[in-house]
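Take a look at the structure below.
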Protein chains: 2
Amino acid sequence: MTIQSEQRPTGSTTIPGCCAPAFDVGLTDDEAAQLAEKLSLLAHPIRLRLLAILARNGGHVCVCDLEAALPVKQPTVSHHLRLLRDGGLIEGERRGQWIYYAVRREELAAIQAALAQFFARM
Amino acid sequence: MTIQSEQRPTGSTTIPGCCAPAFDVGLTDDEAAQLAEKLSLLAHPIRLRLLAILARNGGHVCVCDLEAALPVKQPTVSHHLRLLRDGGLIEGERRGQWIYYAVRREELAAIQAALAQFFARM
DNA sequence: ACGGTATATTGAAGATTGTCAATATATTCG
DNA sequence: CGAATATATTGACAATCTTCAATATACCGT
């Protein structure tokens, strides 16, 4: 024959051919789920911009500032702020009529560390 | 009065009170959209595990291996592989009956760099 | 207390995503 | 060619996400 018979090189199974999970899996079910959840929180342009604004002006930005800076209406801003707050990434402090938000650096650093670990394992 | 009148310190507007976008915005509309797109691609447990497996066993893993290692059916594996391939993160090479996937390190590094830049700006 | 402003919540509607059975396509072997 | 295996695609369905108008809540100044 002209074409060489392909043989799957994957080891340690009795069945020749395919589908022997003898390889390195790398990420636990739980690890993947947790990291995916953190990434999902970041994976939205409005939330990224919210974080960026707050990180650089922390403690001095109220919701109306954010609404003015972003192309969405006030309920949408509040919605994303809530997601970020529930995810532990930001916190809000009421000062008078306004609520000032700021990034929680520790949590942000935790995500950064989780990502670094993920990439390190690649 | 006992309570001090709150005054928004945000500068450079003629309107006293609120909503003067004099602060640092930090992320362009486009930058945020692009980064969010990359993050969305990563933000799924199955895709994270696919990447981890492929990164550590690159070029030696066929779809049936992946299906065996993950808690989803074959069409779902193919679906996520397609998303990753369309996103430039992996590539597949047909060898005989099987198609072997591998991570594209450059693209993965690009995402890592984009993330690093994002966190650096925080 | 009242009117005004800031923010949150609710509810609805549309868009996107995730999963899988069924089916199609490609490849190998006999 | 025809059967068997590997992978991709289609189509349907459910779940989740995104946005916003309408409304509610909280606070301020008068």
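In what follows, every chain begins at residue 1, and chains take the letters A, B, ... in the order their sequences are listed.
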Which whole-number value in Å describes the distance from A:E93 CD to C:dT7 P?
13 Å
Would you mind reading off the distance between A:L41 atom CG and D:dC17 atom P, rounded to a whole angstrom?
11 Å
Could you tell me how far apart A:E37 (CD) and C:dT17 (P) are, to the nearest whole angstrom?
18 Å
Roughly how many Å is it from CH2 in B:W98 to C1' in D:dA8, rounded to a whole number?
18 Å
Side-chain touch B:Y100/B:V63, heavy atoms, less than 4.5 angstrom
no
Where along residues 82-90 of chain A does a heavy atom fall under 4.0 Å from DNA chain C?
A:R82, A:R85
I'd like to know whether B:Y101 forms a side chain to side chain contact (heavy atoms under 4.5 Å, CB included) with B:L50, so could you lay out the CA-CA distance, the side-chain angles of the two residues, the decisive distance to 0.1 Å, and finally the verdict.
CA-CA 10 Å; B:Y101 280 93; B:L50 283 171; over 6 Å; no
Is there a residue in residues 72-80 of chain A whose heavy atoms reach under 4.0 Å of DNA chain C, and which residues are they?
A:Q74, A:P75, A:S78
Counterpart residues, ring pair (Phe, Tyr, Trp, His ring centres under 6.0 Å), relative to B:H79 (two or more places apart)
none
Spacing between A:L66 atom CG and C:dA6 atom P, to the nearest angstrom
13 Å
Could you tell me if the side chain of B:L89 sits less than 4.5 Å from the side chain of B:L42, heavy atoms only?
yes
Using the closest heavy atom to pick a nucleotide of DNA chain D for each, name whichever of A:R94 or A:S40 lands nearer the 5' end.
A:S40
Taking only N and O in the side chain of A:Y101, is any of them less than 4.0 Å away from OP1 or OP2 of C:dA8?
yes
B:A52 backbone acceptor or donor facing A:R121 side chain under 3.5 Å
no
Can you confirm whether more than 12 heavy atoms, excluding those of B:R105, are under 6.0 Å from its CZ atom?
yes
Sorted by chain and residue number, the side chain to side chain donor-acceptor pair (under 3.5 Å) partners of B:Q74 (sequence neighbours excluded) come out as B:S78
What's the spacing between B:L27 CG and B:Q34 CD if we round to 0.5 Å?
11.0 Å
Grab the CD1-C1' distance between A:I99 and D:dT25 for me, whole Å please.
10 Å
B:T76: side chain to side chain donor-acceptor pair (under 3.5 Å) partners, not counting sequence neighbours:
none
Using a strict 4.0 Å threshold on nitrogen-to-oxygen distance, state whether A:R95 and A:E93 make a salt bridge.
yes
From CD of A:Q97 across to C1' of D:dT30 the rounded distance in Å is 13 Å
Going by number, which of residues 43-56 of chain A have a non-hydrogen atom under 4.0 Å from DNA chain D?
A:H44, A:R47
Any Lys/Arg nitrogen of B:K38 or B:E107 sitting under 4.0 Å from an Asp/Glu carboxylate oxygen of the other?
no
